[in-house]
Chemist: 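This is the structure I want to talk about, given as structure tokens.
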Amino acid sequence: MSPIQPIFSLFAALSSYAASPNSAQSSSSTAVEIDIPPAANALTISPSLVSLSIEQDRWTDWSGIMSGNQFFYNVMENLNNLTGSPPGIRIGANSEDRTNFNEAVQYAQDIFPEPNPTTPYPEATNITVGDSYYTTAKYLLPDTEVIWGVNFGQNNLTAAILEAKSIMQAFCGSEISSLGISLKYLEIGNEPDLYMNNGLRPKNYNVGQYVTEWTNFANAIFEDITLNETSTRFLAGSFAGSSSNLEGFSPQAIYKLGISDSPAGEYIAAFSEHHYQGTFCSGSAGVLADLMDKANIRGNLSQYVPDIQATNDQGFDYILGETNSYSCHGAPGVSNTAGAAIWALDYVLYAATLGTKQVYFHDGIGFKYNLVQPVTLTRSILDGSPLSSPLPPHVQPQYYAGIVAAEAIGRHGNTQISELDIDNAQVSGYVFYDDHDEKRLVLINHTPYFKADETAGTQRPVVNVQISFPKKCGTRNIVVKMLEIQHSDDTSGLTWGGQSYETSDGLIQGSVSASTVVSNEYLGIPASQAALVTFDCS
Ligand SMILES: *[C@@H]1O[C@H](CO)[C@@H](O)[C@H](O)[C@H]1NC(C)=O
Ligand SMILES: *[C@@H]1O[C@H](CO)[C@@H](O)[C@H](O)[C@H]1NC(C)=O
Ligand SMILES: *[C@@H]1O[C@H](CO)[C@@H](O)[C@H](O)[C@H]1NC(C)=O
Ligand SMILES: *[C@@H]1O[C@H](CO)[C@@H](O)[C@H](O)[C@H]1NC(C)=O
Ligand SMILES: *[C@@H]1O[C@H](CO)[C@@H](O)[C@H](O)[C@H]1NC(C)=O
């Protein structure tokens with residue numbers, strides 16, 4: 001591994017820029033001063049903020065069949081152990097609307113199209129599942145809360161009811177319920193606001209028809225199955241976009257149209273929005289610098305502020321129930337890189353400051369934007385070409401974003417978050433409070449630094465941050481851990497406080513390195529890296 005840049009040196013990074021031949025372009029050497037606000041405007045952050053959405057055609061690859069998938073279990077347990085709660089798991093997405101039920105099927109039968117360079121790991125076009133498909137949820141971590149989707153796209157009420165029955169039967173069974181694993185939400189359909197484009201409904205399908213059909217399906221399911229009223233609710237929406245007004249598909253529109261007025265509707269407890277920051281569906285290239293950009297992340301998420309407000313006004317939680325960098329499985333050389341980890345870290349924390357309860361990063365076997373590849377792959381995720389040797393299960397760079405966010409949230413249980421007001425287009429930051437006492441900061445340098453920059457001899461920019469700790473903190477121990485990234489376009493080799501998750505079992509390796517600093521020191525954060533600053537002000 002190449003040596004990590006020096007992290008702390010009192011004014012050293014600043015003075016090295018003054019002497020640098022590149023100093024004319026080193027505007028990012030400007031020092032940034034940060035004040036820590038009191039907790040007054042902080043929002044509660046969920047310990048399962050970082051959650052996963054999984055494409056349901058190959059769900060049993062994630063769970064395991066005859067026995068659990070130990071790699072997937074380990075990487076979920078890493079997150080669980082940092083926050084005290086397992087990530088939420090949503091199973092569904094496009095393939096949810098192509099799933100039929102047949103009790104004679106063991107697990108699942110899938111029909112897959114041929115791979116191609118744009119889509120190396122295509123989704124199944126036809127899935128038939130039986131009871132044991134759903135019971136593999138028993139291999140999840142104890143206490144995992146699950147969202148499972150049923151088919152609404154094919155407008156086949158029989159399929160939806162049979163699936164819902166089988167799901168509820170699985171979750172009421174002792175194998176699953178004795179582990180505290182529960183069905184948190186039943187989702188009815190995936191991205192119904194796209195049905196008029198993908199042939200699942202007529203071209204003139206509108207939100208009024210959606211609410212009527214959703215209500216019919218939900219009520220029929222509700223009458224036919226015994227909902228576990230302690231744990232299970234309905235999820236509304238799962239829209240691919242939002243008009244944020246009463247005309248198109250939006251949470252505002254469905255509430256106005258009375259989606260929660262029926263017997264089943266009264267069991268709605270959350271609205272799910274899907275969002276991708278860009279799209280790779282036609283194979284167009286993605287731009288990593290745009291993905292990582294602080295202003296772009298804010299623009300992409302703040303558009304939902306009115307929707308979050310409208311949803312909270314109903315007493316419902318607002319979740320990003322399926323999200324990632326580029327839709328259609330990610331952009332090659334972008335979604336699978338370390339820069340995407342910088343994106344994901346800022347994206348998930350910024351979403352939390354807007355009142356998003358959980359962020360479900362979408363993953364499927366062989367998708368480019370995954371946090372985790374839980375099974376051995378034999379073709380390239382980038383272009384579908386055969387690999388010279390099989391690639392065993394591994395984490396991808398965005399997994400580190402989940403780890404950093406989880407460690408920042410911590411295990412306290414009553415933690416709040418606020419965004420720091422940082423007047424710099426390349427730097428974002430967040431403060432975490434336990435019981436309203438400021439305890440931790442996450443600081444992120446969004447500046448890209450590519451392999452080509454290093455080859456060209458371009459000095460890596462460093463942002464020098466000076467933190468004004470509250471007076472009560474004095475100069476007590478302040479500990480800093482870095483998310484070390486060599487280049488934004490690296491696809492591996494990241495470390496978190498010197499430790500790696502790029503191991504054969506997904507368990508952490510190496511010994512932790514963290515620095516203790518004094519309160520008036522400048523903290524140098526190299527381009528495309530992030531820091532967790534822990535202090536004790538109580
Ligand atoms: C999580 O914590 C438990 C209890 O301390 C421990 O047994 C387990 O090995 C930890 N798991 C991981 C992945 O570190
Ligand atoms: C409707 O769903 C049932 C159960 O999954 C399935 O057997 C049937 O073939 C489906 N009907 C159509 C028209 O797809
Ligand atoms: C899906 O697959 C099932 C079982 O393999 C088959 O009976 C059914 O006709 C297929 N449906 C479609 C729409 O291809
Ligand atoms: C209902 O859910 C609660 C909470 O998850 C669980 O304790 C209970 O066992 C479930 N009941 C049944 C019948 O599964
Ligand atoms: C979202 O981010 C992309 C770049 O990743 C940008 O092109 C787009 O304009 C942003 N959207 C909004 C609404 O800010």
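Residues: numbered from 1 along the sequence shown. First listed ligand is number 1; within each ligand, the first listed atom is number 1.
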Chemist: Any idea how Tyr449 and His487 line up, ring-wise: parallel (<30°), tilted (30 to 60°), or perpendicular (>60°)?
Modeler: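 Aromatic pair Tyr449/His487 classed parallel.
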
Chemist: Any atoms of ligand 4 less than 4.0 Å from a non-hydrogen atom of Ser182? List them with their elements.
Modeler: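 What qualifies from ligand 4 is 5 (O).
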
Chemist: Can you name the atoms of ligand 1, numbered from 1 with element, that are less than 4.0 Å from a heavy atom of Leu507?
Modeler: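 The list of qualifying atoms is 13 (C).
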
Chemist: Between Lys165 and Asp224, is there a side-chain N and carboxylate O pair less than 4.0 Å apart?
Modeler: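 Salt bridge: yes.
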
Chemist: Considering distance alone, does some N or O of Ser231 sit under 3.5 Å from an N or O of ligand 4?
Modeler: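 The answer is yes, given that Ser231 and ligand 4 share an N or O pair closer than 3.5 Å.
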
Chemist: When you compare the side chains of Ser418 and Asn41, does any donor N or O come within less than 3.5 Å of an acceptor on the partner?
Modeler: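 There is no such pair (donor and acceptor under 3.5 Å, judged by atom type) between the side chains of Ser418 and Asn41.
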
Chemist: Between ligand 4 and Ser177, is the shortest N or O to N or O distance under 3.5 Å?
Modeler: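 Among all N and O atoms of Ser177, none is under 3.5 Å from an N or O of ligand 4.
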
Chemist: Take the angle between the ring planes of Tyr304 and Tyr318 and call it parallel below 30°, perpendicular above 60°, tilted in between.
Modeler: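 Taking Tyr318 first and then Tyr304, their aromatic rings sit tilted (interplane angle of 30° to 60°).
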
Chemist: Is a salt bridge present between Lys481 and Glu407, judged by a nitrogen-to-oxygen distance below 4.0 Å?
Modeler: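 Between Glu407 and Lys481 there is a salt bridge, with a charged N closer than 4.0 Å to a carboxylate O.
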
Chemist: What does the contact table look like for ligand 5 (nitrogen or oxygen on each side, cut-off under 3.5 Å)?
Modeler:
residue: ligand 5; atom: 2 (O); partner: Gln277; partner atom: NE2; Å: 3.2
residue: ligand 5; atom: 2 (O); partner: Asn300; partner atom: ND2; Å: 2.3
residue: ligand 5; atom: 5 (O); partner: Gln277; partner atom: NE2; Å: 2.9
residue: ligand 5; atom: 5 (O); partner: Asp290; partner atom: O; Å: 3.4
residue: ligand 5; atom: 11 (N); partner: Asn300; partner atom: ND2; Å: 3.0
residue: ligand 5; atom: 14 (O); partner: Asn300; partner atom: N; Å: 3.4

Chemist: Any idea which atoms of ligand 1 are less than 4.0 Å away from a heavy-atom of Asn81?
Modeler: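 Every atom of ligand 1 under 4.0 Å from some heavy atom of Asn81: 1 (C), 2 (O), 3 (C), 8 (C), 10 (C), 11 (N), 12 (C), 14 (O).
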
Chemist: Looking at ligand 1, does any of its N/O atoms fall within less than 3.5 Å of an N/O of Asn74?
Modeler: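 By distance alone, the answer is no.
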
Chemist: Would you call Lys439 and Asp536 a salt bridge, taking side-chain N to carboxylate O under 4.0 Å as the test?
Modeler: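 Salt bridge between Lys439 and Asp536, a charged N being under 4.0 Å from a carboxylate O: yes.
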
Chemist: Verify whether one side chain among Tyr360 and Gln358 offers a donor that lies under 3.5 Å from an acceptor in the other.
Modeler: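 Yes.
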
Chemist: With a 6.0 Å cut-off on the ring centroids, do Tyr399 and Tyr501 count as close?
Modeler: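 Tyr399 vs Tyr501: aromatic centres under 6.0 Å.
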
